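This report concerns only the one structure given below.
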2 protein chains.
Amino acid sequence: MATEIQLDSIDIRVLRALQENGRITYDELADKVSLSSSAALRRVKRLEEAGVIARYVALLKPESVGLGLTAYLNVRLEKFTATHKRNPMDSFRAAVQTWPEVVECSALTGEMDYLLCVVVADMAHYSRFVLDTLLSHPSVQDCKTSFVLDRVKRTTALPI
Amino acid sequence: MATEIQLDSIDIRVLRALQENGRITYDELADKVSLSSSAALRRVKRLEEAGVIARYVALLKPESVGLGLTAYLNVRLEKFTATHKRNPMDSFRAAVQTWPEVVECSALTGEMDYLLCVVVADMAHYSRFVLDTLLSHPSVQDCKTSFVLDRVKRTTALPI
DNA sequence: CTTGAAATTTTTTATGC
DNA sequence: GCATAAAAAATTTCAAG
């Protein structure tokens, strides 16, 4: 799972194909990488076991499940002082995991501490999230929002 | 593919399961949503045809394919003037599609025009991307980078 | 130590109820 | 919606390079 493994050019082609289509059959995959289907299977299993392939997922179209608004939020946390029972960072990170609207959260270099990507139904939902959830959290000092006007590119495929 | 379809509570549970595991078998899925496997299949096919399920993909662990550095870049484009042969916006959007390092690109509200998420091997690779590719593009005026220190949360699962 | 062909098991898909 | 059956795919086995 955690061990670094050596990837040859066939592995890379297998991974590219699976990033493109996670449900490709071993016959099709074998064709693409010029191997037999059993050899293709063995490659895939090895990559799964080594943790190179983390998981397989279905990707949904946000609008078709009623999620029409995406926003990026730069969040700044409170400084850690003796008055706090708990480290604001730990507290915030734990909270983020429980907020379903947050689909991405990264700690960043620069002035703002965290960048969040939030997916919601509409502006009313967004407003409720920021006021009742995010800014109500004791670790959060302030945030700045940018709304997504247009998703120009979005891929889960890593550049390999 | 584009038509809005009505989703009932079983559809939602099917979608949740598939966002979790895109390779779940229809038997397992049927169990989870308390349906027969053929009924589960029909639900999934309907959701695929309606475009609710966009695709199935494998997700890779970035570090295991040698991609250790992620950055968010706020990009500002040149204003459109008569000197330009082409609208900078169109030109930039087309270019972004061809840059494999860019895994996300969104047009945003606010001062900066675009937010890019860029995945690279290391700082040398990042530097080359910014200097030789991004800033060399005629449509790009300037950019500000924030590096990802830690991915606190990252999910492809939409909050349904 | 990896491959590929064939055999076997499991899953997917179509059909009738 | 379900159960069954046929087709397809995944997985195992095993002989060979």
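In the text below, chain A, chain B and the rest are named by the order of the sequence lines, each starting its count at 1. What you see is a predicted model; the values in this text were computed from it and never measured.
Under the rule for a side chain to side chain donor-acceptor pair (under 3.5 Å), the partners of A:S91 that lie at least two apart in sequence or sit in another chain are A:H137, A:S139. By the side-chain contact (heavy atoms from CB on, under 4.5 Å) test, A:R55 pairs with A:V57, B:E20, B:L59, sequence neighbours left out. With sequence neighbours excluded, the residues satisfying side-chain contact (heavy atoms from CB on, under 4.5 Å) with B:A157 are B:Q19, B:T155. Every side-chain contact (heavy atoms from CB on, under 4.5 Å) that B:E28 has, sequence neighbours left out, goes to B:I24, B:T25. Residues satisfying the side-chain contact (heavy atoms from CB on, under 4.5 Å) criterion with A:R76, sequence neighbours excluded, are A:M112, A:D113, A:Q141, A:D142.
Under the ring pair (Phe, Tyr, Trp, His ring centres under 6.0 Å) criterion, the residue pairs touching residues 102-123 of chain A are A:F92-A:Y114, with sequence neighbours excluded. The ring pair (Phe, Tyr, Trp, His ring centres under 6.0 Å) pairs that include a residue from residues 44-68 of chain A number zero, where partners must be two or more places apart or lie in different chains.
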Show me, pair by pair, the donor-acceptor contacts under 3.5 angstrom made by side chains of residues 30-38 of chain B, not counting sequence neighbours?
| residue | atom | partner | partner atom | Å |
| --- | --- | --- | --- | --- |
| B:S36 | OG | B:S38 | OG | 3.4 |
| B:S36 | OG | B:A39 | N | 3.2 |

Extract all donor-acceptor atom pairs below 3.5 Å that involve side chains of residues 115-133 of chain B and protein atoms in other chains or at least two apart in sequence.
| residue | atom | partner | partner atom | Å |
| --- | --- | --- | --- | --- |
| B:D122 | OD1 | B:A124 | N | 3.3 |
| B:D122 | OD1 | B:H125 | N | 2.9 |
| B:H125 | ND1 | B:A121 | N | 3.1 |
| B:H125 | NE2 | B:E101 | OE2 | 3.3 |
| B:Y126 | OH | B:T145 | OG1 | 2.1 |

Could you encode protein contacts along nucleotides 3-17 of chain D as a string, one character per nucleotide from 5' to 3', using B for base contact, S for sugar-phosphate-only contact and - for no contact, with a heavy-atom cut-off of under 4.0 Å? B-----SSBB-----

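Residue A:R43 is classed as a sugar-phosphate contact, given heavy-atom separations below 4.0 Å to backbone atoms only.
Each end of the helix from C:dC1-D:dG17 to C:dC17-D:dG1 gets its own axis, taken as the rotation carrying the C1' atoms of four end pairs onto the next four within a five-pair window, and the two axes meet at 20° to the nearest 10 degrees.
In the 5' to 3' direction, nucleotides of DNA chain C lying under 4.0 Å from heavy atoms of chain B begin and end at C:dT11 to C:dA14.
Ion pairing between B:R46 and B:E49 fails under the 4.0 Å rule for side-chain N and carboxylate O.
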